[in-house]
Amino acid sequence: MKRIWLMVLRNILSVPYWYLKLMFYAANSSRISEEKKRILFKEIVSRANRGGNVTVLSRGVENIPKNESFMYFPNHQGLYDVLALLDGSPCFFSVVMKKELEHVPFLNLIFRIMGAHSIDREDVRQSMKVIQKVSQEVKEGKNFLIFAEGTRSKEPNVVGAFKGGSFKSATKAKCPIVPVCIRDAYKVFDTRSTEPVTVVVQYLKPLYYEEYSEMKTTEIAEVVERRIREAMER
């Protein structure tokens with residue numbers, strides 16, 4: 001967490017301004033366009049990255065669908081993962097997060113602006129309602145991100161098992177599934193180092209509904225996991 005303090009200290013004069021702006025956007029989210037929200041996130045994350053000695057390299061951006069809503073399915077390394085995608089994604093997106101993150105300062109404002117949904121992994125009924133809600137919002141044109149591993153990997157740059165249930169929203173929405181390989185994001189907030197770090201976010205070729213319509217969600221999970229694992233090894 002040393003790097004968070006470094007980010008704050010090096011941007012100390014602008015932190016109150018950005019925090020107040022986030023509060024304003026969170027309170028008026030329904031009246032602010034997705035593009036304005038994306039630009040705000042990009043500006044804040046870029047400044048934080050410069051202050052914290054973080055560089056994000058976004059590769060394969062051309063693989064992101066341009067004319068239809070989709071869902072990102074990245075591997076999960078830590079708290080910085082979402083910020084890494086906010087830095088480089090050309091499209092606004094929301095996220096399905098675990099309930100425990102609802103009250104994390106700063107992140108909770110970002111999630112409110114994104115229109116994120118929290119999921120209680122211990123409550124099956126609540127989880128199903130979230131899946132239905134996300135599916136409907138994707139059909140209506142909103143993009144989403146889900147961490148199919150369910151929790152961050154315990155080992156650096158090792159991809160954990162993807163859970164089939166995480167893909168139910170995508171199959172119900174019949175939308176493109178975009179695998180995303182995140183490398184070295186754990187070094188940002190989950191180590192004590194403040195040395196310069198480069199995070200690589202690689203957007204892989206999407207799976208379209210025509211490709212996975214006959215597959216079970218567990219089979220889809222295996223395909224996405226394998227593609228990300230192969231990208232990580234490369």
Could you tell me if the ring centre of [X] sits under 6.0 Å from that of [Y]?
X	Y	answer
H117	F144	yes
F162	F73	no
Y72	Y203	yes

Residues that N108 engages under side chain to side chain donor-acceptor pair (under 3.5 Å), provided they are two or more places apart: none
With sequence neighbours left out, the residues meeting side chain to side chain donor-acceptor pair (under 3.5 Å) with S94 are none
So which heavy atom on C91 is nearest to which on N143, and how close? CB-ND2, 3.9 Å
Just how far is it from atom CD1 of I113 to atom CZ of F24, taken to the nearest 0.5 Å? 10.5 Å
L145 side, atom CG; H76 side, atom NE2 - distance, nearest 0.5 Å: 9.5 Å
Apply salt bridge (Lys or Arg N to Asp or Glu O under 4.0 Å) to [X] and list each qualifying residue two or more places apart in sequence or on a separate chain.
X	value
E149	none
E35	R38
K168	none
K205	none

Sequence-distant partners of [X], side-chain contact (heavy atoms from CB on, under 4.5 Å), two or more places apart:
X	result
W18	S14, K21, L40, E43, I44, R47
V158	S153, E155
K129	R125
Q202	R59, C181, R183, L204, A231, R234

Without hydrogens or angle criteria, can the side chains of Q136 and E140 be said to hold a donor-acceptor pair below 3.5 Å? yes
Is the closest side-chain donor-acceptor distance between K174 and S213 under 3.5 Å? no
Any pair counted as salt bridge (charged side-chain N to carboxylate O under 4.0 Å, His left out), so long as it reaches residues 207-219, sequence neighbours left out: none
Give every residue pair that meets the salt bridge (charged side-chain N to carboxylate O under 4.0 Å, His left out) criterion with at least one member in residues 73-91, sequence neighbours excluded. K42-D87
Whether E222 and R226 form a salt bridge (side-chain N of Lys/Arg under 4.0 Å from carboxylate O of Asp/Glu) is what I want to check. no
For a 4.5 angstrom cut-off between non-hydrogen side-chain atoms, does [X] reach [Y]?
X	Y	answer
N49	T55	no
V201	V180	yes
F167	V223	no

Is a donor on one side and an acceptor on the other found under 3.5 Å between the side chain of N75 and the backbone of I182? yes
Which word best sums up how the rings of F189 and Y80 line up, parallel for under 30°, tilted for 30 to 60°, or perpendicular for over 60°? perpendicular
Look at atom NZ of K172 and say whether more than 12 heavy atoms of other residues, nucleotides or ligands are closer to it than 6.0 Å. no
